[in-house]
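Heavy atoms only: backbone and side chains are in, while hydrogens, waters and symmetry mates are out.
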Amino acid sequence: MEKVSIIVPAYNCEKTIKKCINSIINQTYPNIEVIVINDGSTDNTKEYIEEMALNDGKVKVYNKANEGVSASRNYGIDVSKGEFIMFLDADDWIDETTVEKLVYTIKKYNVDMVRYNYYVVNEEEKKCGRLYELANK
């Protein structure tokens with residue numbers, strides 16, 4: 001079973017990071033590593049993600065000086081151990097079967113990359129609209 005590395009750049013996201021990481025930890029696909037790159041946060045993000053790493057061995061935390069999201073993603077790629085890589089922003093979360101479905105799709109269609117639909121959700125967690133639509137591509 002292939003390992004999936006999920007890279008989460010994190011900068012001052014104390015309000016959303018726990019939900020994000022919990023959505024990854026609770027995936028039905030078991031072979032994942034969660035790579036959280038703390039990009040010089042000045043709020044409680046570092047403490048939150050380090051606590052989550054202590055509670056779940058899938059979570060790996062890397063602290064670095066602030067260089068921006070692209071540098072954090074590249075750093076995550078460098079330290080990842082997975083055959084597949086996925087990026088998730090710190091204010092996003094995924095359904096519990098997302099990784100399983102993505103790996104299935106990669107294998108079924110023998111493709112190098114998979115994109116999927118997503119929704120914008122307001123503060124009350126109600127869907128506001130679909131931003132991206134795939135039609136059998």
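In this view, Asn44 and Glu14 satisfy the side chain to side chain donor-acceptor pair (under 3.5 Å) rule, not counting sequence neighbours. Judged as a side chain to side chain donor-acceptor pair (under 3.5 Å), and not counting sequence neighbours, Ser70 has no contacts. Take Asp95 and apply the side chain to side chain contact (heavy atoms under 4.5 Å, CB included) test, not counting sequence neighbours, and it matches Thr98. Every residue two or more places apart in sequence or in another chain that forms a side chain to side chain contact (heavy atoms under 4.5 Å, CB included) with Met1 is listed here: Tyr29, Pro30, Asn31. With sequence neighbours excluded, no residue forms a side chain to side chain donor-acceptor pair (under 3.5 Å) with Ser80.
Here the shortest heavy-atom pairing between Ser72 and Pro9 reads CB-CB, 3.7 Å. Val4 approaches Met86 most closely through the heavy-atom pair CG1-CB, 4.5 Å. Looking at every heavy atom in both residues, Ile37 comes nearest to Ile7 through CG1-CG2, 4.5 Å. The nearest pair of heavy atoms linking Ser23 to Gln27 is O-NE2, 2.8 Å. Contact between Val36 and Ala10 at its shortest, heavy atoms only, is CG1-CB, 4.0 Å. Scanning all heavy atoms of the two residues, the minimum distance from Gly82 to Ser5 falls at N-OG, 2.8 Å.
Residue pairs satisfying the ring pair (Phe, Tyr, Trp, His ring centres under 6.0 Å) criterion with at least one member in residues 44-86, sequence neighbours excluded, are listed as follows: Tyr62-Tyr75. Listed by first and then second residue, the salt bridge (Lys or Arg N to Asp or Glu O under 4.0 Å) pairs involving residues 30-50 are Glu33-Lys60, Asp39-Lys64 (not counting sequence neighbours). Evaluation of the salt bridge (Lys or Arg N to Asp or Glu O under 4.0 Å) test over residues 97-109, restricted to residues two or more places apart or in two chains, returns Glu2-Lys107. Listed by first and then second residue, the salt bridge (Lys or Arg N to Asp or Glu O under 4.0 Å) pairs involving residues 71-92 are Arg73-Asp89 (not counting sequence neighbours).
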>> Between Val59 and Val61, is the side chain to side chain contact (heavy atoms under 4.5 Å, CB included) condition met? List the steps.
In response: CA-CA 7 Å; Val59 181; Val61 175; 4.3 Å; yes
> Between Val8 and Ile35, does a side chain to side chain contact (heavy atoms under 4.5 Å, CB included) hold up when you go through it step by step?
Replying inline: CA-CA 6 Å; Val8 181; Ile35 300 172; over 6 Å; no
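Using a 4.5 Å heavy-atom cutoff, the side chains of Ile85 and Phe87 are in contact.
For the side-chain contact (heavy atoms from CB on, under 4.5 Å) test with Tyr11, the passing option among Asn66, Ile17, Asn38, Thr45 is Asn66; the others fail.
Taking Ile, Leu, Val, Met, Phe, Trp and Tyr as members and joining any whose side-chain heavy atoms lie under 4.5 Å apart, directly or through other members, Val69 forms no hydrophobic cluster with any other residue.
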